[in-house]
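Working notes, beginning with the structure itself.
Side-chain atoms are counted along with the backbone in the values below, which use heavy atoms only and exclude waters and symmetry mates. Predicted model, so just to flag it, every value in this text is computed and none were measured. The first residue in the sequence is number 1, and the count goes up from there.
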Amino acid sequence: RFLASHPTLLSLFTMRVSCFFGAAAALTLDSVQIPSDACSMQDTCSLDVDVAEVTTALRGKPASENEKIYWEARKELVDLKTQMQKVSAKAYKANLALLTTPQINGTQLSEMTTKAEKDTLVVFYAPWCPHCQQYVLHDKNGDPTKAPLDVFRGELEADGSLKHLDVVSYDTAAHGREIPSGFNVQYIPTVYMAAKDGRKTPYQGNPGDKDKMRAFIKLAGSWH
């Protein structure tokens with residue numbers, strides 16, 4: 001009731017409680033309904049409200065020492081998560097800079113397949129996917145300079161295949177809504193060959209198997 005009569009305090013308190021507990025469920029406090037989507041844990045949350053003070057205002061008595069410790073600990077957890085998100089984003093950006101396989105978006109993929117100057121081998125992945133990470137972003141030891149896709153592309157470049165073939169990667173987490181038609185990406189990683197003649201063929205198998213990938217390129221491509 002107190003919060004219901006103080007909209008600003010309600011908004012701030014809603015954000016904070018939702019940040020602490022995530023978006024799993026709505027919380028009810030007296031007659032006040034706190035929506036579960038008030039603040040996603042994926043976002044940077046504002047933690048400027050002193051929950052102990054709000055608790056005191058609601059109950060008419062001071063928060064206990066354990067309550068204060070609890071809320072402070074929850075605040076530290078959210079702050080740590082926010083910091084981890086920032087560090088992860090920084091590491092991911094640096095990881096991409098170390099790769100040799102071009103990263104493309106939906107517009108670029110459409111242009112490549114429409115102009116069709118070469119066949120295009122595209123690997124759809126997501127940075128949160130463990131299998132994708134150890135194929136597109138780095139090797140099993142976390143080394144971006146030895147990412148299997150980059151190594152494979154390097155071998156294709158060495159034997160002259162890249163004169164007729166583009167090898168690219170596509171981040172579905174960043175550009176999932178703009179995947180061009182003809183690419184049916186139901187799981188990741190997904191590999192497609194977009195041939196110059198317009199055919200789009202999905203690869204069935206382990207993309208880490210370079211012999212099978214070479215056989216697929218010959219079968220689904222248009223230049224052999």
Quiz prompt | Candidate pair Arg214 and Asp159, rule side-chain contact (heavy atoms from CB on, under 4.5 Å), full reasoning | solution = CA-CA 12 Å; Arg214 284 182 176 276; Asp159 67 21; 2.9 Å; yes
Practice problem: Mind running side-chain contact (heavy atoms from CB on, under 4.5 Å) on Glu157 and Val167 for me, showing each step along the way? | Solution: CA-CA 10 Å; Glu157 182 176 26; Val167 178; over 6 Å; no
Exercise. Give the C-alpha distance, both sets of side-chain angles, the deciding distance and a yes or no for side-chain contact (heavy atoms from CB on, under 4.5 Å) between His175 and Thr107.
Key: CA-CA 10 Å; His175 308 292; Thr107 300; over 6 Å; no
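Judged by distance alone, the side chains of Asn66 and Ser64 never bring a donor and an acceptor atom under 3.5 Å apart.
The backbone N or O of Gly106 sits less than 3.5 Å from a side-chain atom of Ser110, completing a donor-acceptor pair. Between the side chain of Tyr135 and the backbone N or O of His138 there is no donor-acceptor pair closer than 3.5 Å. Using modelled atom types, no side-chain atom of Glu155 and backbone atom of Phe152 make a donor-acceptor pair closer than 3.5 Å. A distance-only check finds a donor-acceptor pair linking the side chain of Lys118 to the backbone of Leu162 [under 3.5 Å].
In this structure, Gln134 CD and Lys146 NZ are separated by 14.5 Å, a value rounded to the nearest 0.5 Å. For the atom pair NZ of Lys163 and CG of Leu165, the computed distance is 13.5 Å after rounding to the nearest 0.5 Å. With rounding to the nearest 0.5 Å, the separation of CD in Gln108 from CD in Glu178 is 9.0 Å. Between atom CG of residue Asp79 and atom CZ of residue Arg74 there is a gap of 12.0 Å, rounded to the nearest 0.5 Å. From Glu72, atom CD reaches atom CD1 of Ile69 across 9.5 Å, with rounding to the nearest 0.5 Å. For the atom pair Ser161 OG and Arg153 CZ, the distance stands at 11.5 Å (nearest 0.5 Å).
Of all heavy-atom pairs between Lys210 and Val151, the closest is NZ-CG1, 4.2 Å. Nearest heavy atoms, Ala126 versus Cys132: O-CB, 3.4 Å. In this structure, Asp139 and Asp143 approach most closely via the heavy-atom pair OD1-N, 2.8 Å. The minimum heavy-atom distance linking Phe216 with Tyr203 is given by the pair CG-CD1, 3.5 Å. Here the shortest heavy-atom pairing between Leu137 and Pro127 reads CD1-CA, 4.1 Å. Annotation for Ala220 and Thr201: closest pair CB-CB, 3.8 Å, computed over non-hydrogen atoms.
In summary, Lys218 and Asp119 do not engage in a salt bridge, as defined by a charged side-chain N under 4.0 Å from a carboxylate O.
Residue pairs meeting the salt bridge (Lys or Arg N to Asp or Glu O under 4.0 Å) criterion with at least one partner in residues 198-209, sequence neighbours excluded, are Asp197-Arg199. Residue pairs meeting the side-chain hydrogen bond (donor to acceptor under 3.5 Å, both in side chains) criterion with at least one partner in residues 90-104, sequence neighbours excluded, are Tyr92-Tyr125, Tyr92-Asp171, Thr100-Asp150, Thr101-Asp150, Gln103-Tyr125, Gln103-Ser169.
Two residues are said to be in side-chain contact when any heavy atoms from C-beta on lie closer than 4.5 Å; Met193 and Leu219 fail this criterion. In this structure the side chain of Leu121 never reaches within 4.5 angstrom of the side chain of Asp166, judged on heavy atoms. Annotation: side chain of Val123 is not in contact with side chain of Thr190 (no heavy-atom distance under 4.5 Å).
With a 4.5 Å cut-off between side-chain heavy atoms of Ile, Leu, Val, Met, Phe, Trp and Tyr, the cluster of Ile104 takes in Leu109, Met112, Val122, Phe124, Trp128, Val168, Tyr170, Ile179, Phe183, Val185, Ile188, Tyr192.
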